[in-house]
Every structure is written in C-alpha cells, then in structure tokens.
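Please read the structure below before turning to the comments.
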Amino acid sequence: MRPFTYVRAHEVGTALAEAEADSRADFLAGGTTQLDLMKDGVLRPDRLIDITRLPLHGIEERQGALIVGALVTMEELAADPVAGRRLPLVREALLRSASVQLRNMATIGGNLLQRTRCRYFRDPTVAACNKRDRGSGCAAVHGSHRTHAVLGTSEHCIATHASDVAVTLVALDAVVHISGAAGDRKVPLTGFYRTPGDTPDVENDLRPGELIAAVEIPLLPEGARSDYLKVRDRSSYEFALASAAVAVGLGADRRIEWARVGLGGVATVPWRAVEAEAVLTGSPADGEVFASAAAAAVAGAEPRPQNAFKVDLAQRTLVRTLQTVTGAGS
Ligand code: SF4
C-alpha cells in the first residue's frame with residue numbers, strides 16, 4: 001500500500017479544514033471497501049482523515065422524515081424501530097446488502113459513496129478504465145460485462161452502481177445533507193448521482209473537500225405498501241443483477257393513488273423509474289398495468305451482448321415486486 005498520512009478529526013470543522021489543506025486527502029469512516037481499494041492501489045490518497053469520531057451518529061425523527069447521520073451503521077439503521085415500521089423497504093435493502101459483520105462496520109454515508117464492482121476498475125493492471133483514469137478507455141465495453149448496466153450508460157463507462165439502499169432512498173426522494181468549508185447544503189438524492197457521460201470518474205455532486213453529514217429520508221405514509229426485491233446469482237451477500245424498490249398507495253377501489261419506483265443492478269446510478277410511476281399512478285393494480293410499467297421502466301435500455309438478459313430480468317423483478325406490494329396479478 002502506498003504510504004499516507006493518517007489524522008483523526010473530532011469536529012466537522014477540523015475534518016473539513018484538513019481536507020481543504022490537501023487536495024489528495026480522503027475521508028475514512030467504515031472503510032469496508034476503501035481499504036481494499038487502497039491495498040490494491042486503486043485509491044492512493046496522500047492523507048486519510050478518520051471521521052469516525054465526528055458527531056454524525058444519530059437517528060432522529062423530524063417533521064415526517066428520518067434524519068440519519070452519515071456515520072450511522074447499516075445495522076443501526078436496519079434495527080431502528082421507526083425505519084422498520086415506516087421504511088420497511090429500506091430495512092429490507094440493508095439486510096440484503098451485506099453480512100452482519102459488514103453491516104456493523106459500514107456507514108450509511110459510505111454506502112451511498114461505494115464504488116463500482118466492475119472488475120476492471122478494481123484491477124490496476126488493466127490499463128483501460130475511464131473511471132480510474134479518465135481517457136484511458138473502457139475494458140468492459142468489449143470485455144466481460146455480464147453484470148454491467150443497461151440504463152444510464154455511455155460509450156465511456158457501463159459500470160453499475162453497487163448500493164442497494166441507495167435504490168430505495170432514490171425512490172423515496174431522500175435528501176443528502178452535505179457539509180463543506182464553503183458552507184452546508186442539501187441535494188436531492190435523485191440529482192446527487194451523475195451518469196458517466198464522458199467523465200465516468202465524476203460519480204456524484206460532492207465538491208472537493210465536502211462530506212456527507214446526513215441523509216434525510218421522508219417517512220412513508222401510514223398504510224403505504226412497499227418492498228425491495230433483489231435478484232442475484234447466489235442467495236447470500238451478492239450484488240444485484242436486478243433489483244426493484246417499490247412503494248405505492250392503494251385506494252379502496254384498488255387503484256394505485258401514487259407510486260415510487262427505483263431500480264438497481266441495471267443502471268450506472270441508483271435509478272428512479274419515473275416513467276413506470278406515471279403508468280402506475282391512477283391505474284388499476286393488475287398484471288397488464290404492471291407489465292406496461294415495467295416496459296416503460298426499461299424503455300431507454302442499451303443492452304450489450306452479455307447483459308441483454310437484464311432488460312427482461314429488470315421487468316420481471318419490477319412486476320414481481322408490484323405483485324407483492326399490491327397482492328394483485330400473481
Ligand atoms: Fe472502468 Fe466503467 Fe469501463 Fe468498468 S465499465 S472498465 S469502471 S470505465
């Protein structure tokens with residue numbers, strides 16, 4: 001591993017000042033993926049700022065939302081009683097993400113910023129990876145890309161975003177609270193992530209030296225129906241080939257009054273399927289509507305030879321989740 005300077009911050013202001021002083025500094029929290037990437041030479045910070053002692057550990061219910069500190073662990077959020085009752089799809093996504101050992105280390109802030117599992121990104125002996133080295137090329141486009149994205153891609157990068165919980169949070173209109181030396185700001189998670197375009201190395205809206213302080217998750221209304229379904233190659237602790245986060249309000253006449261839909265495992269960012277929501281809203285909860293919504297969700301897909309199956313898999317995953325939450329059409 002490349003040598004680096006380690007510092008521990010106890011206040012947010014101190015951490016931001018340390019980051020501002022060194023453009024090659026990184027923050028360290030759970031470190032579950034970050035340290036692997038450093039050992040492999042993919043990440044090479046000059047300075048590592050340990051932020052685990054910052055006062056960003058709380059979970060607070062406030063004005064119809066859950067404010068989750070960035071350093072809350074995945075396990076702590078999964079065990080939170082309000083999250084369990086009012087955000088069951090978030091809890092499901094957390095439990096499906098990782099082993100309990102990892103959930104006890106990994107933080108919510110870190111989860112939102114986790115890096116892609118693309119094998120070429122993680123192997124510095126492969127020269128062509130635009131996400132690691134801008135302009136170097138993309139080994140996956142003509143290489144192994146079975147697990148890669150079909151939505152939000154570009155010719156420069158087709159890597160999927162790895163987070164399960166981010167898919168649910170995008171669907172729920174969560175908001176990221178960001179702290180920086182220039183001040184604090186809030187960004188809707190739907191606008192936080194960047195599709196690759198011709199700069200795949202720029203993955204989100206964070207500016208140099210900024211850190212995620214919290215994520216604000218609007219609670220589902222009482223009576224809402226929701227679920228997160230993850231389809232993967234093996235049943236334990238694997239990344240999604242396709243996943244669906246769904247929340248709906250169902251009227252007494254069994255019409256869908258409102259719908260929130262997110263897709264994972266098939267896109268370069270946690271994917272909000274607004275086209276599917278438009279089909280569902282105001283429609284009866286039946287198989288025909290679900291199939292139309294699923295087709296709308298993947299209408300812009302650009303599959304490649306090895307991952308074309310994901311277009312169908314994503315639709316099946318979404319239809320199954322809609323059947324589960326509405327109890328219709330199965
Ligand atoms: Fe790199 Fe993205 Fe191509 Fe993977 S898909 S090799 S991360 S540029």
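Here, residue 1 is the first one in the sequence, and each next residue gets the next number. Counting starts at 1 for both ligands and their atoms, in listed order. A quick note: this is a predicted structure, and the numbers were derived from the prediction, not measured.
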Let's go through Asp312 and Arg316 carefully: what are the C-alpha distance in whole Å and the side-chain angles of both, what is the deciding distance for salt bridge (charged side-chain N to carboxylate O under 4.0 Å, His left out) to 0.1 Å, and is it a yes or a no?
CA-CA 6 Å; Asp312 184 51; Arg316 288 170 180 264; 2.7 Å; yes
If you scan protein heavy atoms around atom 2 (Fe) of ligand 1, the nearest is Cys157 SG, 2.4 Å
Using a cut-off of strictly less than 2.8 Å, determine whether His156 has an N/O/S atom near atom 3 (Fe) of ligand 1.
no
May I ask you to list the atoms of ligand 1 that are less than 4.0 angstrom from any heavy atom of Tyr120?
6 (S)
Show your working on side chain to side chain donor-acceptor pair (under 3.5 Å) between Thr321 and Asp227 and close with a plain yes or no.
CA-CA 7 Å; Thr321 315; Asp227 196 19; 5.7 Å; no
Partner of Ile59 by side chain to side chain contact (heavy atoms under 4.5 Å, CB included), out of Asp80, Ile67, Ile108:
Asp80
Report, in ascending order of atom number, the atoms of ligand 1 lying under 4.0 Å from any heavy atom of Phe121.
7 (S)
Atom 4 (Fe) of ligand 1 - nearest protein heavy atom and its distance:
Cys118 SG, 2.3 Å
Just wondering, more than 12 heavy atoms not from Arg122 lying within 6.0 Å of its CZ?
yes
For atom 3 (Fe) of ligand 1, what's the nearest protein heavy atom and its distance?
Cys138 SG, 2.3 Å
Has Arg86 got more than 12 heavy atoms of other residues, nucleotides or ligands less than 6.0 Å from its CZ?
yes
Flag Cys129 as yes if one of its N/O/S atoms falls below 2.8 Å of atom 1 (Fe) of ligand 1, otherwise no.
yes
Measure Arg132 to ligand 1 on non-hydrogen atoms and call it side chain, backbone, both or neither using the 4.0 Å cut-off.
neither
Between Ser163 and Asn111, is any side-chain donor less than 3.5 angstrom from a side-chain acceptor?
yes
